[in-house]
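Report on the structure given below.
Below, chains carry the letters A, B, ... as their sequence lines are ordered, and counting in each starts from 1. For clarity, every value in this text was computed on a predicted model and none was experimentally measured.
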Amino acid sequence: MCLAVPGMIIERSEENGLPMGRVDFGGTVIPVCLAYVPESKVGQYVIVHAGFALNIVDEDEAQKTLALWRELNQGDFGDLPGERSA
Amino acid sequence: MKFLSEFQDPDSARRILDEIRRTVTKPWVIMEICGGQTHAIVRSGIDRLLPSQIELVHGPGCPVCVTPLELIDKAIAIASRPNVIFASFGDMLRVPGSRKDLFVVKSEGGDVRVVYSPLDAVRIARAHPDKQVVFFAVGFETTAPGNAMAVVQAERERLTNFSLLVSHVLVPPAMQALLRSPLNRVQAYLAAGHVCTVMGWKQYEPISSQFRVPIVVTGFEPIDLLAGILAAVRQLESSRASVENQYARAVNREGNAVAQETVDRVFEIADRKWRGIGVIPQSGLCFRPEFASFDAERRFVVHEIEVAEPAECISGLILQGLKKPHECSAFGARCTPQTPLGATMVSSEGACAAYYSFQRNRSISSH
Ligand code: SF4
């Protein structure tokens, strides 16, 4: 029931008063309820658990993290990305 | 696939691993809470690549594994009734109850159906007004929003033949309970990334400061896991303890407000028993009185059955990070994914099943 991978919204619709969509997980397309991500758009990636999209994957944050790991050379590790509590 | 292969890049992984090696000077015990992460760690071999000072222990974050035996037995009793359609996520069907599992109920003629979403169960209720449709609502903060929405939707449609058998548990109280235990070995946590998509990471601030334990919100790909471990090791080595978010593409501090409100509307916090661990105060969800008519435990009076776990199974100790699966005498012999004795062997998120699938057996040291 816990799907760890994000999928892409390929279609939005409405069913019995609920916002629904079809989400593509690398070729497997699954109907997903979008009630918890009402602002989501076709083309965006969402994290889905038990048929519900729980959030939209933040493309900028993903790129920031990737760039950091890619660009760092040995011995060049400064602060890690991401937020932290005080 | 996008957001996947980039986070599996072997060069980046090697660099983070090197940095972990350079950073660590002392032995540390780090627990990943989430069973999905346990599976990913064992599959990618991260547990074997880490320097020997770092021991990863596997937490209780597998909903299949922690659903109490009594509740499985209740599910079996309800599913065996003639006018009931019992809907469940597929991985609950093979969890052994004290005498049988839901698959056996199905083979004996019970109407047990595997669904992928609780809304599928609502759909079945709509299509079969003459039947009672019961959905087995298990899981953590990740499945609670969907189950709450299913109830809201059933109420909106005035479906009187839909109910939930609820076994919802919450992660932060379990983390606290483990830290309070006199046997505790955990020095830092990797917090379950997707629980945090719903709840945010602010919940962990009081735990981190009260117990002086680093908590790092971590994703599921090798780069995410290694970055989470590196962040935890850095905090441990410098005697810091804060909440850190290494999964910023999916998690923010506040979480998903709409999901939290919906869960809060339908459910309230209650004591819950965790399979293998026992009752943890305020560690789960039950129906609010306004929604009690959707509670399958009220609709079907099922007697409390006192049941005992198989004596050999040490899954309770495994779920608390005190033992590893291969230390169980039944592991791989009397207990396999085909013939599971305990729930941690059933779910692919269970530590025993992960060790079995990826052949972490006795030939490997207990590290
Ligand atoms: S191997 Fe089987 S019997 Fe042993 S702890 Fe795991 S689930 Fe229980």
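Across every non-hydrogen atom of A/G51 and B/S117, the tightest pair is CA-CB, 3.8 Å. Closest approach of A/A50 and B/T143 over heavy atoms only: CB-CG2, 4.0 Å.
Taking B/A40, B/P118, B/G35 one by one and counting their heavy-atom pairs under 4.5 Å with chain A, the maximum is reached by B/P118.
B/N147 has its side chain out of reach of A/F52: every pair of non-hydrogen atoms, C-beta onward, lies at least 4.5 Å apart. For the pair B/N252 and A/E61, the minimum side-chain heavy-atom distance is 4.5 Å or more.
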N/O donor-acceptor pairs under 3.5 Å from side chains in residues 256-267 of chain B, not counting sequence neighbours:
unit_1 : atom_1 : unit_2 : atom_2 : d
B/N256 : OD1    : B/V258 : N      : 3.2
B/N256 : OD1    : B/A259 : N      : 3.1
B/N256 : ND2    : A/Y36  : O      : 2.9
B/N256 : ND2    : A/L54  : O      : 2.8
B/Q260 : NE2    : B/V198 : O      : 2.7
B/Q260 : NE2    : B/E254 : O      : 2.9
B/T262 : OG1    : B/V258 : O      : 2.8
B/D264 : OD1    : B/R288 : NH2    : 3.2

For a quick test of your reading: what N or O donor-acceptor pairs under 3.5 Å do the side chains of residues 206-215 of chain B make, sequence neighbours left out?
unit_1 : atom_1 : unit_2 : atom_2 : d
B/S208 : OG     : B/V213 : O      : 2.9
B/S208 : OG     : B/A241 : O      : 3.4
B/S209 : OG     : B/E205 : O      : 3.1
B/S209 : OG     : B/P206 : O      : 3.4
B/R212 : NH2    : B/S239 : O      : 3.1

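Residue contact with chain B, scored on non-hydrogen atoms closer than 4.5 Å, involves the backbone and the side chain of A/N16 alike. At a 4.5 Å heavy-atom cutoff, the contact between B/Q153 and chain A is made by side-chain atoms alone. With a 4.5 Å cut-off on non-hydrogen atoms, A/V46 does not touch chain B at all.
Here the straight-line distance linking atom CE of A/M20 with atom CG of B/L119 works out to 5.5 Å at 0.5 Å rounding. Summarising the geometry, atom OG1 belonging to B/T197 is positioned 6.5 Å from atom CD1 belonging to A/I47; distances are rounded to the nearest 0.5 Å.
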